[in-house]
*Asks:* 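What follows is a structure written as structure tokens; I'll ask about it next.
The first residue in the sequence is number 1, and the count goes up from there. The analysis underlying the following values was restricted to heavy atoms, covering all of them including side chains, and did not include hydrogens, waters or symmetry mates.
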Amino acid sequence: MTTYTITLQNCAFFARHGVHDEEEFLGQRFFVDAELDVVAGEALKSDSIDDTVNYGIAFTVIEQIVTGKRRYLIEALALDIAKGLCETFPQVRRAKITVRKPNAPVPGVLDFVQVSVEHFA
């Protein structure tokens with residue numbers, strides 16, 4: 001069996017996730033990486049977008065989940081994205097999703113908080 005990996009890197013969205021009320025009120029940017037392991041099937045032979053993961057549709061799925069209902073934990077957000085992509089694209093066997101939150105409310109200076117979740121279809 002042949003597989004390949006498709007990666008969408010650093011997708012940016014404005015949303016209102018977080019435990020604290022001010023995170024919901026103010027909102028912030030979230031960044032998402034999606035690494036999708038795909039069973040090749042016909043795609044490598046057919047050279048057809050219909051036989052693989054359409055990047056535009058994948059981006060839209062991620063966007064709808066990130067900008068949809070509020071989640072308290074980015075861990076939950078990452079899992080919902082992984083499941084959503086696996087449901088949308090049955091040829092995806094593994095989805096590794098990383099969510100970065102640059103404005104996490106911590107008592108110090110940092111670039112971002114990051115969580116990665118792997119989901120196997």
*Asks:* So which heavy atom on Q91 is nearest to which on V53, and how close?
*Replies:* NE2-N, 4.0 Å

*Asks:* For a quick test of reading the model, state the closest non-hydrogen atom pair linking G84 to I65 and the distance between them.
*Replies:* CA-CD1, 4.1 Å

*Asks:* With the side chain counted from C-beta on, respond yes when K96 and V117 share a heavy-atom pair under 4.5 Å apart, and no when they do not.
*Replies:* no

*Asks:* Atom CD in E35, atom CD in Q9: separation rounded to 0.5 Å?
*Replies:* 9.0 Å

*Asks:* Over all heavy atoms of both residues, which pair between L26 and R16 is shortest? Give the atoms and the distance, please.
*Replies:* C-NH1, 3.5 Å

*Asks:* Tell me whether V113 is reachable from V99 by hopping between hydrophobic residues (I, L, V, M, F, W, Y) whose side-chain heavy atoms are closer than 4.5 Å.
*Replies:* yes

*Asks:* Apply the test side chain to side chain contact (heavy atoms under 4.5 Å, CB included) to residues V39 and Y4: give CA-CA distance (whole Å), side-chain angles for both, the deciding distance (0.1 Å), then the verdict.
*Replies:* CA-CA 7 Å; V39 173; Y4 56 94; over 6 Å; no

*Asks:* Ignoring hydrogens, what is the shortest heavy-atom contact between P102 and L110? Give both atom names and the distance.
*Replies:* O-CD1, 4.3 Å

*Asks:* Under 4.5 Å between side-chain heavy atoms, counting indirect links through other Ile/Leu/Val/Met/Phe/Trp/Tyr residues: same cluster for L85 and I57 or not?
*Replies:* yes

*Asks:* Answer whether the closest heavy-atom distance between the side chains of T98 and V32 falls below 4.5 Å.
*Replies:* no

*Asks:* Can you tell me how far apart CG (L36) and OG1 (T5) are? Round to the nearest 0.5 Å.
*Replies:* 8.5 Å

*Asks:* Please go through V19's hydrophobic cluster and name the other residues, only I, L, V, M, F, W, Y counting, with side-chain heavy atoms under 4.5 Å joining them.
*Replies:* Y72, L73

*Asks:* In the structure I gave you, are the side-chain heavy atoms of H119 and R94 within less than 4.5 Å of one another anywhere?
*Replies:* no

*Asks:* Determine the minimum heavy-atom distance between Q28 and A104, stating which atoms define it.
*Replies:* OE1-N, 4.1 Å

*Asks:* Do F59 and I49 sit in the same hydrophobic cluster, where Ile, Leu, Val, Met, Phe, Trp and Tyr count as joined when their side-chain heavy atoms come under 4.5 Å apart?
*Replies:* no

*Asks:* Using ring centroids (six-membered ring only for Trp), state whether F112 and F30 fall under 6.0 Å.
*Replies:* no

*Asks:* Measuring from L77:CG to H17:NE2, what's the distance to the nearest 0.5 Å?
*Replies:* 4.5 Å

*Asks:* I'd like to check K83 versus L79 (side-chain heavy atoms, cut-off strictly below 4.5 Å). Are they in contact?
*Replies:* yes

*Asks:* What I'd like to find out is whether the side chain of E63 reaches to under 4.5 Å of the side chain of V61, using heavy atoms alone.
*Replies:* no

*Asks:* Just verifying a value: how many Å separate I97 CD1 and D80 CG, rounded to the nearest 0.5 Å?
*Replies:* 11.0 Å

*Asks:* Applying side chain to side chain donor-acceptor pair (under 3.5 Å), name anything that partners D50, two or more places apart in sequence or on another chain.
*Replies:* none

*Asks:* Has F120 got more than 12 heavy atoms of other residues, nucleotides or ligands less than 6.0 Å from its CZ?
*Replies:* yes

*Asks:* Give, for atom CD1 of I81 and atom CG of L8, the distance between the pair rounded to the nearest 0.5 Å.
*Replies:* 11.0 Å

*Asks:* Regarding T3 and D37, is there a side-chain donor-to-acceptor distance under 3.5 Å anywhere?
*Replies:* no

*Asks:* Just how far is it from atom OH of Y55 to atom CD1 of I6, taken to the nearest 0.5 Å?
*Replies:* 5.0 Å

*Asks:* So do the side chains of T7 and D33 get within less than 4.5 Å of each other, counting heavy atoms only?
*Replies:* no

*Asks:* Is the shortest heavy-atom distance from the side chain of V66 to the side chain of F14 under 4.5 Å?
*Replies:* no

*Asks:* With the side chain counted from C-beta on, respond yes when C11 and F31 share a heavy-atom pair under 4.5 Å apart, and no when they do not.
*Replies:* no

*Asks:* Are there more than 12 heavy atoms of other residues, nucleotides or ligands under 6.0 Å from atom CZ of R70?
*Replies:* yes

*Asks:* Can you tell me if CG on D47 sees more than 12 non-hydrogen neighbours from other groups inside 6.0 Å?
*Replies:* no

*Asks:* Please give me the minimum heavy-atom distance between R93 and P90, naming the atom from each residue.
*Replies:* NH1-O, 2.7 Å

